[in-house]
Amino acid sequence: MDSVIGLVNRMQRACTGLGDYGGGNNALSSLWEALPSVAVVGGQSSGKSSVLESIVGRDFLPRGSGIVTRRPLVLQLQKTENGTEEYAEFLHLTNKKFTDFSLVCKEIQDETDRITGKNKQISPVPIHLSIFSPNVVNLTLIDLPGLTKVAVEGQPETIVEDIESMVRSYVAKPNCLILAISPANQDIATSDAIELAKEVDPTGDRTFGVLTKLDLMDRGTNALDVIEGKSYRMQYPWVGVVNRSQADINKNIDMMLARRKEREYFETSPDYGHLASKMGSEYLAKMLSKLLESIIKARIPNIISLITKSIEELETELDRLGRPVAIDAGAQIYTILGMCRAFERIFKEHLDGGRPGGARIYGIFDNQLPAAIKKLPFDRHLSLQSVKRIVSESDGYQPHLIAPELGYRRLIEGSLNHFRGPAEASVNAVHFILKELVRKSIAETEELTRFPSLQIELADAANSSLEMFREESMKSVLRLVDMESSYLTVEFFRKLHVMETTQGNQTPSLSSQPQPPMTTTEQYGEGQFRKIASNVAAYINMVSDTLVKTIPKAVVHCQVRQAKLALLNHFYTQMSQSQGKHLGQLLDENPALMERRLQCAKRLELYKKARDEIDAAVWVR
Ligand SMILES: Nc1nc2c(ncn2[C@@H]2O[C@H](COP(=O)(O)OP(=O)(O)OP(=O)(O)O)[C@@H](O)[C@H]2O)c(=O)[nH]1
């Protein structure tokens, strides 16, 4: 396996690519924070850039007055075989190899400006630069903006605090090693780097003190008190370095030459000669590389368990949030149809059993309709007085000779008209139950809960279909009633006639109540009318038996069955004609929910990538 530092480098790159970086304030668990890193911290002009360039052995960092480093630079050094060409690559410019390091410097400046703008703002989003070279050790360093005390012209007033809080957000993480750069020609008590490190790492477990500019100390003085830990003690020994002076830089002194000069400085120094093997930027780089590697190895089991746990948590959350909405129209229609089918399934379950709903419809047919028919005012319509009046009116000036045919018809038609009320009421009652079931089924379709607009449109479409079915059903039940008036059952009257002649003119009685005594004329006339009333009542009873059976059939056929078959037909037609924009509107989710899903999905992708990296590394080992 290539070094574990390489493994962490790849994971860090994935982190930045997917929005997880040290300064990010994300509510999601961070892989970046779990990965060990080394952050370089120091006051302005303390020599940070010089230390980094010495470690790399190349000039590549922008220089200038004011705050030059305005975004964190994650510098990933990867050692290559001796004799191979040195090159650099940026994460934001994949597949572009930089062999000219002055162009690397320019790209850092340009990329900084791309995010921060030219007005010297700062941003916590890191730039990732990988350098592949035989002259480096495997090491990852994060260069942070220099701590400063005053804002210079053109910079916002808040810059001093902004820089400090950004640097702090990196170094406060327990997995971040702090490379605290302090210039030797300044009192160590005033070092910005040490001040911050003391605050975030009071035990000094993860702080490395680097003392620059040893060569610039006043003649006759040295930094042994610091280096030997007498003036400020730390867990790890201080490392002194001597970088190129400004004059060296101006003279374009080659970095390799500078390294050699640094080595000579320590070897020949009367003050630090005895410590020469533990001084200088080359030593610093090797020591950091080894340490970082051993820290990473120790942390890998924790990282693996963090990854596994996070994958599980994110998958659960994504399941709860539902799949993301597709962007293309075809996939959107597919999603919508899928939800419609889920809704229809629930709606049918309500009707067919499994869920309550169907039973209420049966209740209408079994109780409400027969009860309503029973309450119809036939007694009044077929009272002696009413029968007399209707028969005489039908007879006109010529009373009937044998049987009042027209009178019968009028009485029957008048009675049948009463059935319209219960028939209409049945249709309406079923309509309202179906409407209620649509509302319930929409609420019970879990897939739809994310899409309020689709719920509304679906309910509107289903309700207008139900309205259409109601109209059809109404026409059908009223037609059943009208049909009864259009053609009377001849059989019934023929049977009646036969019964009358065989039973010696006995009148079938409408009610069993005892009748009052009558005069002869009255007896003849009223008897006749009572007989008519009772015959009509018997006929109406027969029709009532039929309608109690046929009205439910019509209602089920026109409303219930249609609702099961074609509730959303109209909606489907609309769907197929819909433009992408309208589909998008139907699938407009709560933006916060969409954002959360996006973040979770990105983070999940990151953890999966990281898991693959670790798996691959373990297999190669
Ligand atoms: N003589 C000498 N000069 C040094 C040393 N280290 C840094 N310098 C000089 O100090 C100046 C500042 O060094 P930089 O490396 O740019 O410091 P920095 O901390 O990166 O500064 P900013 O990026 O502006 O915050 C430069 O002119 C360097 O040449 C050193 O060890 N010896």
Side-chain angles (χ1 to χ4, degrees), residues 1-17 21 32 35-40 48-62 69 71-112 126-144 177 179 243 254-260 280-297 609-610 612-614 616-617 619-621:
M1 150 166 117
D2 61 348
S3 77
V4 288
I5 294 177
L7 169 68
V8 170
N9 281 349
R10 287 194 297 279
M11 291 203 259
Q12 274 181 342
R13 279 199 289 261
C15 283
T16 298
Y21 41 83
W32 178 285
L35 300 174
S37 55
V38 184
V40 186
K48 264 177 327 94
S49 311
S50 302
V51 169
L52 282 169
E53 286 184 330
S54 266
I55 288 174
V56 178
R58 279 289 194 169
D59 291 90
F60 65 98
L61 289 172
T69 311
R71 283 175 63 183
L73 175 75
V74 179
L75 181 62
Q76 304 183 327
L77 305 179
Q78 299 193 35
K79 187 168 175 58
T80 53
E81 299 273 306
N82 276 338
T84 50
E85 194 188 19
E86 240 177 343
Y87 67 93
E89 253 177 27
F90 286 96
L91 180 67
H92 66 271
L93 278 177
T94 37
N95 302 331
K96 187 167 180 199
K97 274 188 184 181
F98 286 79
T99 46
D100 179 346
F101 280 76
S102 63
L103 294 180
V104 171
C105 177
K106 185 172 180 311
E107 184 55 37
I108 295 175
Q109 275 167 325
D110 292 350
E111 177 57 20
T112 302
I127 299 175
H128 277 254
L129 172 64
S130 299
I131 295 180
F132 303 83
S133 161
N135 305 321
V136 296
V137 289
N138 289 321
L139 181 62
T140 303
L141 297 162
I142 305 166
D143 186 19
L144 294 165
L177 305 180
L179 201 62
N243 299 310
D254 174 47
M255 208 44 123
M256 290 301 142
L257 177 62
R259 273 190 186 176
R260 210 168 53 239
S281 34
E282 269 180 284
Y283 166 77
L284 178 66
K286 280 187 192 142
M287 184 271 290
L288 282 176
S289 170
K290 264 200 200 138
L291 187 79
L292 187 61
E293 186 148 345
S294 69
I295 289 176
I296 292 172
K297 276 187 180 151
K609 256 190 192 164
D612 293 348
E613 290 287 357
I614 289 183
W619 281 106
V620 174
R621 195 154 33 172

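Counting begins at 1 with the first residue of the sequence. Hydrogens, waters and symmetry mates play no part in the numbers below; they use all other heavy atoms, side chains included. Everything numeric in this text was worked out from a predicted model, so none of it was measured.
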Chi angles and distances behind the side-chain contact (heavy atoms from CB on, under 4.5 Å) call for Val38, Leu291: CA-CA 10 Å; Val38 184; Leu291 187 79; over 6 Å; no
Evaluate Asp143 against Leu75 for side-chain contact (heavy atoms from CB on, under 4.5 Å), listing each step before the verdict. CA-CA 7 Å; Asp143 186 19; Leu75 181 62; over 6 Å; no
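The NZ atom of Lys297 lies 11.0 Å from the CG atom of Leu292; values are rounded to the nearest 0.5 Å. Rounding to the nearest 0.5 Å places CZ of Arg260 at 8.5 Å from CG of Asp254. Going from atom CD of Glu86 over to atom CZ of Phe132 covers 12.0 Å, rounded to the nearest 0.5 Å. In this structure, CG in Leu139 is found 5.5 Å from CG in Leu288, a value given to the nearest 0.5 Å. With values rounded to the nearest 0.5 angstrom, Ser49 atom OG is found 11.0 Å from Asp59 atom CG. One finds the OG atom of Ser133 at 7.5 Å from the CZ atom of Arg58 (value rounded to the nearest 0.5 Å).
For the pair Glu111/Phe90, no side-chain contact is recorded, criterion being any heavy-atom separation below 4.5 Å from C-beta on. Counting heavy atoms from C-beta outward, His128 and His92 have side chains that stay 4.5 Å or more apart. By the 4.5 Å heavy-atom criterion applied to side chains, Gln76 and Thr140 are counted as neighbours. Between Phe101 and Ile131 there is a side-chain heavy-atom pair separated by less than 4.5 Å. Leu52 is not listed as a side-chain neighbour of Leu73, based on a closest heavy-atom distance of 4.5 Å or more.
Ion pairing between a basic and an acidic side chain is recognised when a charged N comes within 4.0 Å of a carboxylate O; Glu613 and Lys609 show no such pairing.
Heavy-atom minimum distance, Ile55 versus Ser281: CG1-O, 4.1 Å. Considering all non-hydrogen atoms of both residues, Tyr87 and Glu89 come closest at CE1-OE2, 3.8 Å. Listed here is the closest heavy atom pair of Thr99 and Glu85: CG2-OE2, 3.3 Å. When every heavy atom of Met256 is checked against every heavy atom of Asn135, the shortest pair comes out as CE-ND2, 4.0 Å.
Between the side chain of Ser289 and the main chain of Ala285, no donor-acceptor pair closer than 3.5 Å is present.
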